[in-house]
Every structure is written in C-alpha cells, then in structure tokens.
Engineer: 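Dumping the structure here so I can ask a few things about it.
Heavy-atom basis, side chains included; hydrogens, waters and symmetry copies ignored. In this text, all values refer to a predicted model and were calculated from it rather than measured experimentally.
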Amino acid sequence: MSIWSSLDPASATVDPGDAVTVTLRLRNTTDLVEEYRISVAGTPAVWSGVEPRTMRLYPGTTGTAEITFRPPRTPDATAGGHPFAIEVIPTEQPAGKTVVEGHLTVTPFSEIRAELLPHTVRGRFRAKPKFAVDNLGNTRLTASLTGKDNSGQLGFELHPANVQVEPGRAAWVQGRIRPGGITWFGQRESHPYTLNVLRSGTEPVEVGGVFVQRAVMPRWLLGFTGFLLTSAVAFTIAWFVFKPNFDTKAHDGGMVPVGNPLTLPDGKSPPPDQQPRQAPTEQPDDGATEDPPPATDGGGGEERPLGGPGNHLLYLAKSSPWPDPPGEGEEPATWSFPVKSPGFEAVGDEWGCTYSPVRYTLCAMNDTYNPESQTTFDFWVKSNGDPDASISVIFDWNFDGDKEVLQRRQVFKAFELEPNQEWQKYTEEVGLEFEEGEEWADLKNGKLSVGFWVRSGDSPIEVRSNVPEGQDQISAMRIPFDPVS
C-alpha cells in the first residue's frame, strides 16, 4: 500500500436542505512525493463537494480533506440510506488506488400540494371535478380524501378515495358531486365545498371549490308557461260566453242580388259598366323590361386563416409561442404530454418564467389588449391508438411582469381524438369550458403559457410544433392583443 486512509465519521445523517461534513485523512507511506486526486462515487455524489480535490503529500506526512453533502429539499433526495465511496488515486502510482466506503442517511420530509381543476363546476344534477394530489416530499405519500360542505346539501364520491403517491409524482382523483335536491325553477345556487387530504399525524390539507347548481327550467320559461295558461283560460271562457249576432238581408218575396251580378245563362253579356276590368300595369318609358338583380352568394366562402380568426399570430415553436415561424433548415418537433400531469398553478399562485413539462411559455411580452378580438388556435394533436384519448388546452396569462402571479386562465373543452394515430386539428371551435381570474389588461413584461392537459385515456398524447412555413399541419394561435411597435 502506498497510502493509509480513514473516514471520520463513516456514517452520517443529514436533513434535506441542510449539509453534513465528513473528514478524510490520508498518509503517504511511500518514499516519493505523491499527489492524490479525490472523488466521490454513488448516489450522494451529485450532492457532494470535496475540498481540496487534490492533495500533495511528502513521504510520511498526513493530510485531510473535507467532503460536504448537501441534499436538496426535493423529491430527488429520497429518504433512507445511501452508501457512497471515496476514491483516492495517486498520480505517480495510479495502480495504488484506494477506496474508502461510507454511508449517508437522508431524513424524511413530507410536503404535498393539492388542486381542483376546474375550481368552479356547474351542473343541474351532478358535476365531475378532477382533484390532483402532488407529492413534493421524499417519501411515499399515503392519504385518504374526503369532501364536505358547510350547508350539508352536497354528496361526494371520490374515486379512488385512498391514494399512494411516490415522491415527485402526482395522483388524479375523479370526483362526483350531487346536490341534495333538484332546483326546478329559479336562479343559480352556489355551494362552496372543500376537499380534504388526510394523513396520519398531520393537519389535513384543504382545497376549496364552488359547485354552481343550475335550475332545470329557466325563469323565463316559467313566465311563458303562465302566459300560455292564462291565454288558454281566457280563450275557453270567451268561447262559451260570447254569442255572435248574425244579421240577414233576406226578405219575403225573393232574393235581391247584391254585389257583382252573375253571368246570365242565356248567353247575353252584362251591361258595359259591368265588364271585368284589369288593374293598370306600369311599363318603362322605352318599353323595355328591367332585368332582375343578379343573385349573391351569402355563404362568403372565406378560408380560415392560420391560427384561427383572432388577431395577433403566434407560432407554436419547440418550447414556447413565438411571433416568427421557424427558420429554414429547422425540422418539426413533437412534444409528448403525459397521462399523469405534474399539475398547474392555480389563479393567484406564484408563477415565474420557468420550465414545465406541460407548458409552452413566452415571457417578457409587451402588447396592447384588443377587446374586439379573442383567443383562437389551430393545434395538431395525435393519440397512440387509445380510443378514450382526449385533451384540453389551457391558456394562462400574467399581465403585469412585476407581479409574478397567474392572473387569468382560459380552459377549452376536451377534444376527443380518433384512435387512428394520425394528426388531427384541434381548434377553439370546441368551445370554452370556463374562464376565471382578473380582467383583461395590456401585457407589460407579461407572460403567456399554453398548457396541454390529458383529460382521459391511458397513453400520452403528442402535439406537433416548430413546423416551418410551406409545410402542412402548422400549429399556431392568435391572441387578443396588438403588438407594440
């Protein structure tokens, strides 16, 4: 052996987000001046730092190096034991490499995030919100879910009612809300409710939502029905009470003809003043007949513009909406969106210009709001043959860049894909499912995010982007803004 080594301590424990340091001692047992390179192997290596990384020792001398582990407070630093090894390689005699083994224990921590999509649901007899539970801790999450409302007028069904979520993953729960009674006539009724995530030994996590119960019959129908009943009763009374008084001009001694006389059967013509007459017809002065005006085509026949009939055109590039098409030589890209989405921020939450696996985001936008326009889009999507596949697009807005919060959201209805594994065109014509948040405003260093949410099915859905001009199936959109020149 050309080196003697020891590790103090050989086992260490650290909390995620904190740091712990172990000391490596080395002694040069050779007759040569040697330089040693120190490195860490194993899972904790990505959290480690070595100081110094190289050490030069004279024969018979001893030196120390400190290895510091800083696991992040994220799901990547999973709780439990993580063995590691420290490799010491002599520069002059590489064959004399030494490996010192140690053990690092990461303590567990729990952190969850829950959200409702959408926050407000509407229905006459039931509603079906979706509930997402994100495990942001470093241990497996086991929890049960319950729903309640303060008035006790709603019934809840959650499938599944118990979830187990691995670190860094999310679980989707399908909810069903039923009102206690049916509102036949009248105005809408709002029922606030709460969904709770219950864990052993911790406070429950609550997420609030609103169920808007619509009346089966609108109020105008009640008034119209009353009007019809009143009219029917009045008509019936008039039919039986009113007796018409008919007069006659018949007298004894025969009938006296009244009005135009009939043609006599003996062939004699009536007097000249009783001849039939034609109404006068106005003719043009030159005797010509005017032609009717040519027929016009009321259909219009206009072709739909790229991105729809909106205002400001943006192309769907590789990672964000962009005002210019891809350059020459670029190739179309495909983004696969997972069945289990990591979730979206709620309106009012902090929202920075960061990467998300389910969003195309464009930041630092400075445009003027155009109230006469609307959000439109042409997105090309494709399933993997799943007959139940459907997807929704979510437009998120931040108008004021000084406030890094999500200020407005537009969610369009689900687009059901054909299981033919071919590109299909998804447009705003499916209809807007709901819209919430602050009023529209000018973009002042603001942000736009185009997110895709897999609504049903068991396989990812692909979205086509970054398609150069001149090619088919270009994904683009138009937003209700005017660019600032």
Engineer: Tell me, please, which residues at least two apart from Asp149 pass side chain to side chain contact (heavy atoms under 4.5 Å, CB included).
Structural biologist: Ser151, Gln153, Leu154, Phe156, Tyr193

Engineer: For Arg455, which residues count as a salt bridge (charged side-chain N to carboxylate O under 4.0 Å, His left out) partner, sequence neighbours excluded?
Structural biologist: Glu433

Engineer: Exactly one of Val50, Leu104, Thr23 should register a side chain to side chain contact (heavy atoms under 4.5 Å, CB included) with Ile67. Which one does?
Structural biologist: Val50

Engineer: Report the residues that fulfil ring pair (Phe, Tyr, Trp, His ring centres under 6.0 Å) with Tyr369, sequence neighbours left out, ordered by chain and then residue number.
Structural biologist: Trp440, Phe481

Engineer: Sorted by first residue and then second, give each salt bridge (Lys or Arg N to Asp or Glu O under 4.0 Å) pair with at least one member in residues 468-481; sequence neighbours left out.
Structural biologist: none

Engineer: Can you name the residues that form a ring pair (Phe, Tyr, Trp, His ring centres under 6.0 Å) with Phe69, not counting sequence neighbours?
Structural biologist: Phe84

Engineer: So that I can tick it off, tell me whether Arg408 and Glu435 are bridged by a salt bridge, with the cut-off set at under 4.0 angstrom between side-chain N and carboxylate O.
Structural biologist: yes

Engineer: Looking at every heavy atom in both Gly451 and Phe344, which two are closest together, and how far apart are they?
Structural biologist: CA-CE2, 4.1 Å

Engineer: Glu345: what forms a salt bridge (charged side-chain N to carboxylate O under 4.0 Å, His left out) with it, not counting sequence neighbours?
Structural biologist: Arg359

Engineer: Examine Trp335 together with Phe452 and report whether their ring centres are nearer than 6.0 Å.
Structural biologist: no

Engineer: Show the nearest heavy-atom pair for residues Phe434 and Pro118, with the distance to one decimal.
Structural biologist: CE2-CB, 2.9 Å

Engineer: More than 12 heavy atoms of other residues, nucleotides or ligands under 6.0 Å from CD of Glu436: is that the case?
Structural biologist: yes

Engineer: Verify the neighbour count for atom NZ of Lys130: are there more than 12 heavy atoms of other residues, nucleotides or ligands below 6.0 Å?
Structural biologist: yes

Engineer: Would you say CZ of Arg70 has more than 12 non-hydrogen atoms from neighbouring residues, nucleotides or ligands within 6.0 angstrom?
Structural biologist: no

Engineer: Is any side-chain heavy atom of Thr361 less than 4.5 Å from a side-chain heavy atom of Ser356?
Structural biologist: no

Engineer: Check Asp396 with Arg409, please: is the shortest side-chain N to carboxylate O separation under 4.0 Å?
Structural biologist: yes

Engineer: Who are the ring pair (Phe, Tyr, Trp, His ring centres under 6.0 Å) partners of His191, not counting sequence neighbours?
Structural biologist: none

Engineer: CH2 of Trp172: more than 12 outside heavy atoms within 6.0 angstrom?
Structural biologist: yes

Engineer: For Phe415, give me all partners under ring pair (Phe, Tyr, Trp, His ring centres under 6.0 Å), at least two apart in sequence or on another chain.
Structural biologist: Tyr426

Engineer: Side chains of Ser456 and Ser390: is there a donor and an acceptor less than 3.5 Å apart?
Structural biologist: yes

Engineer: Mind jotting down which residue pairs meet the salt bridge (Lys or Arg N to Asp or Glu O under 4.0 Å) criterion with at least one end in residues 381-392? Sequence neighbours excluded, please.
Structural biologist: Lys382-Glu462

Engineer: Arg178: which residues meet the salt bridge (charged side-chain N to carboxylate O under 4.0 Å, His left out) condition with it, sequence neighbours left out?
Structural biologist: Glu157

Engineer: Tell me every residue that passes side chain to side chain contact (heavy atoms under 4.5 Å, CB included) with Val405, counting only those two or more places apart in sequence or in another chain.
Structural biologist: Lys403, Gln407

Engineer: Could you tell me which residues satisfy salt bridge (charged side-chain N to carboxylate O under 4.0 Å, His left out) with Arg304, sequence neighbours excluded, listed by chain and number?
Structural biologist: Asp378, Glu428, Glu429

